[in-house]
Amino acid sequence: MNPIPAPGTTYLSTVIDRSDDRATLAVAMGVADYFRLSADDARRIVGAGRRR
């Protein structure tokens with residue numbers, strides 16, 4: 001994911017959920033368990049990125 005949301009990429013060149021190539025936080029959060037992240041851990045990571 002691009003840490004700078006705007007202006008930024010709107011589509012990913014590598015699909016991370018096997019069907020949706022949109023560069024959105026919703027798509028990233030939807031595959032958190034695939035990367036062995038709990039929903040709470042994923043939210044903490046997102047929160048840390050937003051504070052930077």
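- Among pairs with a residue in residues 25-40, those fulfilling salt bridge (charged side-chain N to carboxylate O under 4.0 Å, His left out) read D40-R43, at least two apart in sequence or across chains.
- Taking all atoms of both residues into account, the shortest heavy-atom contact from M29 to A39 is CE-O, 4.4 Å.
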Side chains of residues 11-18: which donor-acceptor partners sit under 3.5 Å, not counting sequence neighbours?
residue, atom, partner, partner atom, Å
D17, OD1, S19, N, 3.0
D17, OD1, D20, N, 2.6

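- With sequence neighbours excluded, no residue satisfies salt bridge (Lys or Arg N to Asp or Glu O under 4.0 Å) with D21.
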